[in-house]
Number of protein chains: 2
Amino acid sequence: MEQYDVPEMRPQIEDAAPAGEEMLDRRRLDALTEARLWRNPCGFAARFNYLALRYNVPLYGWVKERFDLSRIEFVVIYNLAVAGPFTASEIASSTAFPKNTLSRAVNRLLKLGLIHAEANGGDRRAKILSLTPAGRAIYDEALPRFEGLEKEMLAPLNLVEREMLSMLLAKVVVSMFKADASEGAADLAEVD
Amino acid sequence: MEQYDVPEMRPQIEDAAPAGEEMLDRRRLDALTEARLWRNPCGFAARFNYLALRYNVPLYGWVKERFDLSRIEFVVIYNLAVAGPFTASEIASSTAFPKNTLSRAVNRLLKLGLIHAEANGGDRRAKILSLTPAGRAIYDEALPRFEGLEKEMLAPLNLVEREMLSMLLAKVVVSMFKADASEGAADLAEVD
DNA sequence: GTCATATTGTTCCATATCGAACCTTTTTTG
DNA sequence: CAAAAAAGGTTCGATATGGAACAATATGAC
């Protein structure tokens, strides 16, 4: 298969590890992480999974501690803030969370007064969800953290490189998005 | 903050949605997904999270169905296959899975005969884990799927673009990797 | 050498999670 | 219009998960 490795980058890792005695264990740990990232037949996947991990774990950990909200609960808030009112099932489809999990999240957010549900025209099944001021306040407080970590991650890239990365990722995402739409979004979990 | 959006890409999405009656709901769903991806202050994060989702869900779903192995269990096999023998705690540190979860995974894999544990020199606490032929066979059968989906994801890019994307992601990953190493890997879950 | 500390891995338990069955409302079909 | 099918949400229950306390071993301090 193709090689997506970038061998010339690797010295940058090694030169970060001085030869102290107490570095032995650290080096051995790094050996595994490094191998997963660079000596991996699926290096592209390994990289975005690594980034997702290093991004999501600290941020959602902070959200949990600061607001006592689970990841799903915050995702609902975030999506409503970014993309205006939606129904629960629309959020479920879009995020691929199971709808019962989402149902619990929505009910908790309603109970906490962070979101508001209003009738969806004549349809008495679905309710249209939107943020209350309290929910918006949480988003407003959290956003800088999310932006900050993203900025930190992108720090090693200059502006041109960022634009390039953004464009390349966009191409990949759009392609998957279209592929998914053309075969029915309901089958997301079965894509194969 | 900086804008990582790529407005000129968006028509590619819209032109995929014909104006049929039954497309109304689909369009509304797409509206949310699209907004999350393109009208999101953290567009970079949204993109790699989207890719991770679209990559991991189907593959680990298949692994579960085909081998009856959980994600963590398969991760152990995958890591041992890619990076040679390691101890459980090394895998735990590197993957950021809690060590008790990993302990369970390791024990199940031992019981299934997919991995092998041997004494770690004089240290009677840790055991060095390696794949048995049966474990290796699972890796060998699974790898083409993982490679295949990665290849599919990268299909819209030409060779130069792939190299470029790989290099840019590598820069970001290496930078985070170094930042993590310099502040102690044990604090991974607290990175903030 | 001996005691305090750290490390590895396991067990316990409260909670989170998700599939499946379910209820209600809406839409479609004949 | 009645019956069937579909869609939005909720409830239930079996399982997974991860934090905290634990036992066993190893390392370090003195």
Side-chain angles (χ1 to χ4, degrees), chain A residues 21-22 24-26 28-29 56-57 60-61 63-65 68-76 85-111 115 117-129 184-186 188-190, chain B residues 21-22 24-26 28-29 32 57 60-61 63-65 68-76 86-111 115 117-129 184-190:
Chain A
E21 279 286 297
E22 50 82 40
L24 278 176
D25 292 333
R26 166 63 45 74
R28 187 153 170 73
L29 161 61
N56 296 327
V57 169
Y60 288 113
V63 164
K64 177 69 183 172
E65 191 169 306
D68 191 32
L69 294 177
S70 73
R71 173 167 180 174
I72 304 178
E73 287 155 359
F74 186 80
V75 163
V76 171
F86 283 102
T87 68
S89 79
E90 286 170 324
I91 298 175
S93 300
S94 172
T95 60
F97 280 115
K99 61 180 182 173
N100 55 359
T101 300
L102 205 52
S103 171
R104 244 177 299 111
V106 164
N107 282 324
R108 177 142 189 266
L109 292 174
L110 284 170
K111 198 175 299 173
I115 64 175
E118 64 183 318
N120 180 13
D123 194 330
R124 275 183 295 175
R125 294 171 307 179
K127 279 169 188 158
I128 296 188
L129 308 173
L188 178 61
E190 301 170 27
Chain B
E21 280 286 297
E22 48 83 39
L24 278 176
D25 292 335
R26 167 64 47 73
R28 188 151 169 72
L29 160 62
L32 204 170
V57 169
Y60 288 114
V63 163
K64 178 68 183 171
E65 192 170 306
D68 192 33
L69 294 177
S70 73
R71 174 167 179 174
I72 305 177
E73 286 156 0
F74 187 79
V75 162
V76 171
F86 283 101
T87 69
S89 79
E90 286 170 325
I91 298 175
S93 300
S94 171
T95 60
F97 280 116
K99 60 181 181 173
N100 54 358
T101 300
L102 206 53
S103 171
R104 263 188 305 262
V106 165
N107 283 325
R108 176 141 190 268
L109 292 174
L110 284 170
K111 197 177 299 173
I115 64 176
E118 63 182 319
N120 179 15
D123 193 331
R124 272 183 296 174
R125 294 172 306 180
K127 278 169 189 158
I128 295 187
L129 307 173
D187 299 327
L188 178 60
E190 300 169 29

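Lettering follows sequence order; numbering is per chain, from 1. The basis for the numbers below is simple: all heavy atoms, side chains too, and nothing from hydrogens, waters or symmetry mates.
- Relative to the side chain of Ser103(A), the nucleotides dG9(C), dG9(D), dT17(D) differ in distance, and dG9(D) lies closest.
- Regarding Lys64(A), its NZ atom lies at a distance of 13 Å from the P atom of dG18(D), rounded to whole Å.
- For the pair Asn120(A) and Lys127(A), the minimum side-chain heavy-atom distance is 4.5 Å or more.
- Take the nearest nucleotide of DNA chain C for Asp123(A) and for Phe97(A): the residue whose nucleotide is more 5' is Phe97(A).
- From one end of the helix from dG1(C)-dC30(D) to dG30(C)-dC1(D) to the other, with five pairs defining each end axis, the axis direction shifts by 30° (rounded to 10°).
- Look at Ser89(B) and you won't find any side-chain N or O under 4.0 angstrom from OP1 or OP2 of dT7(C).
- One can place CD of Glu73(B) at 9 Å from P of dA16(D), the figure rounded to the nearest angstrom.
- Checked by atom type, the side-chain pair Thr87(B)/Glu90(B) shows a donor-acceptor distance below 3.5 Å.
- Close to dT26(C), at under 4.0 Å from its OP1 or OP2, lies a side-chain N or O of Arg124(A).
- Screening Thr95(B), Thr101(B), Leu102(B) for a side chain to side chain contact (heavy atoms under 4.5 Å, CB included) with Pro98(B), the sole residue that qualifies is Thr101(B).
- The listed nucleotides are dC18(C), dT8(C), dA26(D); the one nearest the side chain of Asn100(A) is dC18(C).
- Rounded to a whole Å, the CG atom of Asp68(A) is 13 Å from the C1' atom of dT15(C).
- Using a 4.0 Å heavy-atom criterion, one finds that Asn107(A) contacts the sugar-phosphate atoms exclusively.
- Look at Thr101(A) and you won't find any side-chain N or O under 4.0 angstrom from OP1 or OP2 of dT17(C).
- One can place CZ of Arg71(A) at 14 Å from C1' of dA16(C), the figure rounded to the nearest angstrom.
- A donor-acceptor contact under 3.5 angstrom links the side-chain atoms of Arg104(B) to the base of dG18(D).
- Counting distance only, with no hydrogens placed and no angle test, the side-chain atoms of Arg125(B) and the base atoms of dA26(D) include no donor-acceptor pair under 3.5 Å.
- Each of Pro98(A) and Val106(B) has a nearest nucleotide on DNA chain C; the 5'-most of these lies closest to Val106(B).
- Nearest to the side chain of Lys99(A), among dT25(C), dG8(D), dT10(C), sits dG8(D).
- For the pair Leu109(B) CG and dT10(C) P, the interatomic distance rounds to 12 Å; values are reported in whole Å.
- Distance CZ (Arg108(B)) to P (dT11(C)): 16 Å, rounded to an integer number of Å.
- What separates OH of Tyr60(B) from C1' of dA16(D) is a distance of 17 Å, to the nearest Å.
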